[in-house]
Amino acid sequence: MKKNNFAYIFRPIAQGSLVPFMVSADIALETGSRQDAGANSGLAWISLLGGALLAAFVILLVVYQRQKREAILARSDIEFRALSDSALAGIVQVDLTGKVRYANEFAARMFGLSPQELMQNGMARYASDPLKRKAMLEELQSTGQVRDYELDIQNARGENRHLLFSASLLAGVANVSLVDITDRMLAEKELRRFSRVVSQMADTVVITDIEGNIEYVNPAFEELTGYSSAEALGKTPRILKSDHHNLEFYEGLWKTILKGEVFQDEIVNRKKNGEIYYETKTITPIRDPEGKITHFVATAKDITARKQMEGSLRQKEAEFHLIADNTGDVIWVLDLESQRFTYVSPSVKKLRGLTPEEVMAQPMSASMTPGSMQKVAEELPARLELFARDHTKSTYTDQLDQYRKDGSIVQIEVTTTFVRTEQDKIQVVGISRDVTEKKLAAEMLLKSQTSLEHAQAIAHLGNWELDAQNGTGLFWSKEMYNLFQRDPLLGPPRMEEFMQRVHPADREPLMNAQQTAIETGHRNRRGGQH
């Protein structure tokens, strides 16, 4: 009897899992006996039937395993699509021919399409720079992947978008992730522009966190304070504290900005070298999208020069008032547009018997006699026109008559100067002086001069003045011109010319007398005699 053996390992399903199992069989074949042959034949048929059943079972098992793999793949695909559709990035699958096999909603929106339209149209037609896209594909095919490749597209809505491509190549399919960085690029561009503007500002800019720690200073801050950016970062603005402000001032500052309000005020600070400076400061709270204050931005303008000028002006104003209040002359300012005085010094009380307030309450015309007012009205337009053309000619001196409070008339000498204000208005600054007594003295002197000339003419005498040092004639009386028959329009002659008119015999005695007079004068000055 001959035996044939076979064995097969298979994995039947047991409670939902695969468990390895082995089946083996022995087939005994007896030869030479017919009877045995029949029996053995039956056994063979039984064995063959078992083999057929086993083969069918194996086929069914293979089909089941394939269906299960397909189900797993299908479930994985569903999970992948569900995950990609909920992702915040564009996900696209593209084959080597450029056909889009899958696109999620996020990717489709970048191109201004639906996923079906993107799969139908493809992505190539939307590339703004085909050569750059070609270079990216060549790199993908060469290395199997690309990372953070920037490409510009113009989508179906005509919008220019800036996308960040990352892709890996697997089994002839490129799995692509897309991130739209257009808004980020615009924000970065805006930030760069803002940074350029801030860095070039003449005003100082300081950015701090909520605790007041400095995170940024611009170059103007460094130049003004003397602190470099490296020295200021991480510090607080207390490095500038000058001790000119009390604790309540700073408490009020923090109370204002922590409430989300803008703080504005003048602050006295101290530079790195200890020098004091003044600035007008504005501190603005910065909020995040939820409305929470995260930072403070402080801008400031250096007003040190202005403060110093204001102090100097206050000092000069005090000095001016000291002079104006104690001088006998009247100092005043007239606004030409309103024809009223805007300032009159207290000495007007002595000159006209009126207080400054009474004078400023009246128009200019009420202070002068009609004749003087007419003179001013006639000359003022021409003077204003000349001032508009040439500011160098802006001061004039006039003789005018004004009324006193009691109605009497005072004769004054007025010196006026035209000035232009910062508001482009023209004002007149004037000084008035009482010349009543001066005019009386001049009239008396004129009378005396007339009498003297009449007496000299009768006596044929003349008087003259000479600068002995340089020989220049200073004055000749009327009778001197008559005696020497010289034209008065020529003026006094020099000493040389005068001596030529003297008789030769008298020249030396005259020169000796003149020299003696000069020496006598010198001796008197040295000895204190006059």
Enquirer: Rounded to the nearest 0.5 Å, how far apart are OG1 of T280 and CG of D302?
Expert: 9.0 Å

Enquirer: For V359, does its backbone N or O pair with a side-chain atom of Q362 as donor and acceptor, under 3.5 Å?
Expert: no

Enquirer: Can you tell me how far apart CD (Q120) and CG (L118) are? Round to the nearest 0.5 Å.
Expert: 10.5 Å

Enquirer: Looking at side-chain heavy atoms only, is the closest gap between Y102 and V92 below 4.5 Å?
Expert: no

Enquirer: Between R101 and D95, is there a salt bridge with N-O shorter than 4.0 Å?
Expert: no

Enquirer: So with a 6.0 Å cut-off around CG of L247, is the heavy-atom count from everything else above 12?
Expert: yes

Enquirer: Using the side-chain contact (heavy atoms from CB on, under 4.5 Å) rule, take V297 and I283 through it: C-alpha gap first, then chi angles, then the decisive distance, then the call.
Expert: CA-CA 6 Å; V297 176; I283 305 177; over 6 Å; no

Enquirer: Please enumerate all residues that pass side chain to side chain contact (heavy atoms under 4.5 Å, CB included) together with Q374, with sequence neighbours excluded.
Expert: E378

Enquirer: Considering non-hydrogen atoms only, spot the tightest contact between Y403 and P370 and give its length.
Expert: OH-CD, 3.4 Å

Enquirer: Mind jotting down which residue pairs meet the ring pair (Phe, Tyr, Trp, His ring centres under 6.0 Å) criterion with at least one end in residues 133-183? Sequence neighbours excluded, please.
Expert: none

Enquirer: In Å, rounded to the nearest 0.5 Å, how long is the span from CG of L384 to CG of L380?
Expert: 4.5 Å

Enquirer: Passes side-chain contact (heavy atoms from CB on, under 4.5 Å), N269 versus E279? Steps please.
Expert: CA-CA 8 Å; N269 277 333; E279 61 183 2; 2.8 Å; yes

Enquirer: Can you tell me how far the CZ atom of F418 sits from the OH atom of Y396, to the nearest 0.5 Å?
Expert: 6.0 Å

Enquirer: Looking at L400, is its backbone amide N or carbonyl O close enough to the side chain of D398 to form a donor-acceptor pair, meaning the two atoms are under 3.5 Å apart?
Expert: no

Enquirer: Do the side chains of L336 and L334 get nearer than 4.5 Å, heavy atoms only?
Expert: yes

Enquirer: Identify which one of N175, V146, L140 satisfies the side-chain contact (heavy atoms from CB on, under 4.5 Å) criterion when paired with S168.
Expert: N175

Enquirer: Which is it for Q399 and Q411 under the side-chain contact (heavy atoms from CB on, under 4.5 Å) test, yes or no, and what are the steps along the way?
Expert: CA-CA 7 Å; Q399 301 288 329; Q411 297 175 329; 5.9 Å; no

Enquirer: Determine whether more than 12 heavy atoms belonging to other residues, nucleotides or ligands lie under 6.0 Å from atom CD of E337.
Expert: no

Enquirer: Please list, chain by chain and in numerical order, all residues satisfying ring pair (Phe, Tyr, Trp, His ring centres under 6.0 Å) with F341, sequence neighbours excluded.
Expert: W332

Enquirer: Quick one: list whatever passes side chain to side chain contact (heavy atoms under 4.5 Å, CB included) with S312, sequence neighbours left out.
Expert: K316

Enquirer: Hey, is K350 close enough to D329 for a salt bridge, meaning N to O under 4.0 Å?
Expert: no

Enquirer: Test of understanding: with salt bridge (charged side-chain N to carboxylate O under 4.0 Å, His left out), list the residues that count as partners of D152, not counting sequence neighbours.
Expert: none

Enquirer: Is any side-chain heavy atom of T208 closer than 4.5 Å to one of T236?
Expert: no

Enquirer: Once side chain to side chain donor-acceptor pair (under 3.5 Å) is applied, what residue pairs with a partner in residues 121-146 remain, sequence neighbours excluded?
Expert: N121-Y126, Q145-R147

Enquirer: Give a yes or no on this: more than 12 heavy atoms of other residues, nucleotides or ligands lie within 6.0 Å of atom NZ of K301.
Expert: no

Enquirer: Taking the side chain as C-beta and beyond, is there a heavy-atom pair between R352 and S367 under 4.5 Å?
Expert: yes

Enquirer: Taking all heavy atoms of S114 and all of A108, pick out the closest pair and write down the distance.
Expert: C-CB, 3.5 Å

Enquirer: State, to 0.1 Å, how close L113 and A156 come at their nearest heavy-atom pair, and which atoms those are.
Expert: CD2-CB, 3.6 Å

Enquirer: So, do Q93 and V176 sit near enough that their side-chain heavy atoms are less than 4.5 Å apart?
Expert: no

Enquirer: Does any pair with a residue in residues 268-277 pass salt bridge (charged side-chain N to carboxylate O under 4.0 Å, His left out), and if so which ones, sequence neighbours excluded?
Expert: E231-K272, K271-E275

Enquirer: Does M201 have any side chain to side chain contact (heavy atoms under 4.5 Å, CB included) partners at least two apart in sequence or in another chain, and if so, which?
Expert: V197, V198, D203, V205, N218

Enquirer: Would you call E251 and K255 a salt bridge, taking side-chain N to carboxylate O under 4.0 Å as the test?
Expert: no

Enquirer: Any salt bridge (charged side-chain N to carboxylate O under 4.0 Å, His left out) involving residues 216-229? Give me the pairs, sequence neighbours left out, ordered by first then second residue.
Expert: none

Enquirer: Would you say D180's side chain and L163's backbone share a donor-acceptor pair under 3.5 angstrom?
Expert: no

Enquirer: Which heavy-atom pair separates T182 from N160 by the least distance, and what is that distance?
Expert: CG2-O, 4.0 Å

Enquirer: Can you name the salt bridge (charged side-chain N to carboxylate O under 4.0 Å, His left out) partners of D265, sequence neighbours left out?
Expert: none

Enquirer: Taking only residues two or more places apart in sequence or in another chain, which ones pass side chain to side chain contact (heavy atoms under 4.5 Å, CB included) with I293?
Expert: I210, P285, R287, F296

Enquirer: Are D401 and M368 side-chain neighbours, meaning at least one heavy-atom pair lies under 4.5 Å?
Expert: no

Enquirer: Please test I409 against R404 for side-chain contact (heavy atoms from CB on, under 4.5 Å), starting from the C-alpha separation and ending with a verdict.
Expert: CA-CA 6 Å; I409 295 176; R404 289 192 176 98; over 6 Å; no

Enquirer: If only atom types and distance count, is the side chain of T416 paired as donor or acceptor with the main-chain N or O of G430 below 3.5 Å?
Expert: no

Enquirer: Side chain of S242, backbone of V268: donor and acceptor closer than 3.5 Å?
Expert: yes

Enquirer: Can we say K281 and E266 salt-bridge, meaning some charged N sits less than 4.0 Å from an Asp/Glu carboxylate O?
Expert: no

Enquirer: Which heavy atom of V94 sits nearest a heavy atom of M123, and at what distance?
Expert: CG2-CE, 3.7 Å

Enquirer: Can you tell me how far the CD1 atom of I214 sits from the CG atom of D209, to the nearest 0.5 Å?
Expert: 10.0 Å

Enquirer: Could you pull out the closest heavy-atom pair between P115 and A103, with the gap in Å?
Expert: CB-O, 3.4 Å

Enquirer: Applying salt bridge (charged side-chain N to carboxylate O under 4.0 Å, His left out), name anything that partners R157, two or more places apart in sequence or on another chain.
Expert: E159

Enquirer: Would you say that T204 contacts V217 through its side chain, given a criterion of any heavy-atom pair below 4.5 Å between the two side chains?
Expert: no

Enquirer: Could you tell me the separation between the CE atom of M309 and the OG1 atom of T304, rounded to the nearest 0.5 Å?
Expert: 12.0 Å

Enquirer: Flag the pair I153 / F111 as yes when at least one side-chain heavy-atom distance between them is below 4.5 Å, and no otherwise.
Expert: yes

